[in-house]
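What follows is one structure encoded as structure tokens, with my remarks underneath.
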Amino acid sequence: MRLSAYFLPTLKDTPTEAQILSHRLMLRAGMIRQTSAGIYAWLPLGHRVLRKIEQIVRSEQDAAGAVELLMPTVQSAELWRASGRYEDYGKEMLRIRDRHDREMLYGPTAEEVITDIVKGTLKSYRDLPRTLYNIQWKFRDEIRPRFGVMRGREFLMKDAYSFDLDFAGAKRAYQKMFLAYLRTFARMGIRAIPMKADSGPIGGDMSHEFIILADTGESAVFCDRRWVEWDVLASAPAYDQDLEPFFADATGIYAATEEKHNPDTCPLPAEQLVTARGIEVGHIFYFGTKYSKPLGAVVAGPDGNPVTLEMGSYGIGVSRLVAAVIEASHDDAGIIWPESVAPFKVGLINLKSGDAACDKVCADLYDVLRTAQVEVLYDDREERPGVKFADMDLIGLPWQLVVGPRGLKAGTVELKNRATGERLELSQDSALERLTS
Ligand code: 5CA
């Protein structure tokens with residue numbers, strides 16, 4: 001992509017309305033634009049990151065055996081009346097009336113819809129287990145939307161739902177998702193700690209929140225120091241193996257949110273306890289027959305008798321993750337994207353646009369990189385070098401490839417690693433080799 005033909009409205013000044021760093025950086029880097037309170041347009045750069053994160057979530061859900069579908073955003077109130085949640089959900093639910101005066105709503109989650117979809121289609125115990133998921137926009141009329149996409153009103157969520165015959169099956173589904181979540185967040189370069197949690201209005205009694213530690217987090221959390229250093233995935237099993245020992249190990253190391261933490265009964269010695277703030281990027285629940293029972297979702301068991309489906313649900317805040325990754329990875333100059341979620345891998349900086357030699361070399365590098373399917377953003381604007389460097393640092397692409405007249409005379413270009421700040425003077429060929437290998 002040539003920057004001269006892109007849409008990247010970066011800001012020099014720090015927006016005063018933004019209270020936390022990720023929100024400020026997302027606005028300054030031209031990633032999002034607020035259109036109403038808690039509602040954002042994803043500008044091209046932000047949209048690319050959102051899609052990258054979504055794709056990592058999708059591939060790990062698929063790897064864990066979950067099956068993707070897409071449910072609508074607008075739901076009928078009728079289903080929520082049947083589950084008993086329509087009144088309970090309160091003011092957070094955006095309620096809508098259609099032209100026939102039917103009560104509709106913009107879905108804040110989809111337990112009712114998915115249960116209604118599988119009802120009558122999953123007919124027998126032989127159709128189980130099944131886990132279905134979708135990645136879809138949700139709306140919650142948060143009383144205090146804040147921190148940008150971190151707590152929006154409209155936000156993108158991955159929500160998965162498991163269906164099993166009995167508790168043992170449901171527990172296995174839960175453990176699979178637990179492991180899938182650890183893998184998902186690790187691929188984004190962040191350490192999300194599974195913490196015992198309250199299940200809130202979703203209901204149920206086995207529940208973990210996946211939380212990354214950050215000073216700007218909304219909730220207080222408590223965990224064993226080991227979580228901060230431990231590579232939990234080093235000993236992770238494959239999905240077709242027994243997951244119980246891994247799950248027991250991982251949940252055996254203390255980690256709890258404020259609601260579940262009790263200083264009097266906490267088993268850890270003071271020096272082993274980390275007290276911090278955290279951002280919830282995922283939340284998983286087991287809730288048994290809470291929805292399947294009122295909605296009548298049953299299958300025929302092995303003896304032919306009807307069995308009410310055992311369910312769990314599993315959420316990931318896809319749009320929130322964009323901000324969470326930034327909270328975890330930035331410096332004074334701007335964002336530092338982990339390569340796996342970066343909007344582009346390389347920023348190509350032409351220090352003297354309009355100079356025939358610089359233009360030619362940049363055009364060549366740009367072509368070779370694109371042919372090699374390396375995602376590259378080419379700053380071909382007629383701007384001062386200082387502006388280009390500052391913008392490139394701000395938007396945080398992992399590599400900067402800098403082409404200027406002085407280097408070209410010496411036969412070199414400069415390759416800068418955004419995370420380490422390391423700069424190398426290289427021939428064009430060896431720079432390209434590093435970026436394409
Ligand atoms: N039905 C369940 C799981 S499918 C559910 O809705 N869980 S949840 O309420 O915990 O939401 C799942 C995830 O969505 C959260 O862990 C969080 O990362 C994200 N999320 C929730 N509310 C918001 C919000 N207002 N803005 C951005 N992300 C949010």
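Both ligands and their constituent atoms are indexed starting at 1 by order of listing. Sequential numbering from 1 along the given sequence is applied to the chain's residues.
In summary, the atoms of ligand 1 found under 4.0 Å from a heavy atom of D159, numbered by their order in the structure, are 4 (S). Below 4.0 Å from some heavy atom of E111 lie the following atoms of ligand 1, by number and element: 1 (N), 2 (C). The distance from ligand 1 to the heavy atoms of G282 drops below 4.0 Å at these ligand atoms: 16 (O). Near G315, the atoms of ligand 1 lying under 4.0 angstrom from a non-hydrogen atom of the residue are 3 (C), 4 (S), 12 (C). Distances below 4.0 Å separate heavy atoms of Y314 from the following atoms of ligand 1: 3 (C), 4 (S).
Contacts with ligand 1 closer than 4.0 Å are made by backbone heavy atoms (N, CA, C, O) of V281 only, the side chain lying farther away. If you look at K138 next to ligand 1, there are no close heavy atoms at all, none under 4.0 Å. Counting heavy atoms under 4.0 Å from ligand 1, residue R320 touches it through the side chain alone. When non-hydrogen atoms are compared, ligand 1 lies under 4.0 Å from the backbone of H283 as well as from its side chain.
Note: no N/O pair closer than 3.5 Å links R153 and ligand 1 by distance alone. Ligand 1 has an N or O atom lying under 3.5 Å from an N or O atom of E142, backbone or side chain. At least one N or O atom of G152 sits closer than 3.5 Å to an N or O atom of ligand 1.
Taking the six-membered ring for Trp, Y89 and W80 have ring centres closer than 6.0 Å.
Both tests pass for R370 against the ring of Y366: distance under 6.0 Å to the centre and angle within 45° of the axis. Geometrically, R48 engages F344 in a cation-pi contact, judged by NZ or CZ lying under 6.0 Å from the ring centre and within 45° of the ring axis.
A donor and an acceptor atom, one from each side chain of N417 and E422, are nowhere located under 3.5 Å apart. For the residue pair Y125 / D303, no side-chain donor-acceptor distance below 3.5 Å is found, with atom types taken as modelled. Neither side chain, R140 nor T109, offers a donor N or O lying under 3.5 Å from an acceptor on the other.
Residue E209 places no heavy atom under 4.0 Å from ligand 1. Contact between S319 and ligand 1 is absent, with no heavy atom of the residue lying under 4.0 Å from the ligand. Heavy atoms of V149 approach ligand 1 to within less than 4.0 angstrom. Heavy atoms of F210 come nearer than 4.0 angstrom to ligand 1 in no pair at all.
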Only distances under 3.5 Å count here; give the side-chain donor-acceptor pairs of residues 208-216 to other protein atoms, sequence neighbours excluded, each with its distance to 0.1 Å.
unit_1, atom_1, unit_2, atom_2, d
H208, ND1, Y174, OH, 2.7
T216, OG1, E327, OE1, 2.7

Check residues 38-47 and write down every donor-acceptor pair under 3.5 Å in which the side-chain atom is one partner and the other belongs to a residue at least two apart or another chain.
unit_1, atom_1, unit_2, atom_2, d
Y40, OH, Q34, OE1, 3.2
H47, NE2, R51, NE, 3.2
H47, NE2, R51, NH2, 3.4

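Ring orientation note: the planes of F247 and F178 are nearly perpendicular, at an angle over 60° on the 30°/60° scale.
D164 and A173 get closest at one heavy-atom pair: OD2-CB, 3.5 Å.
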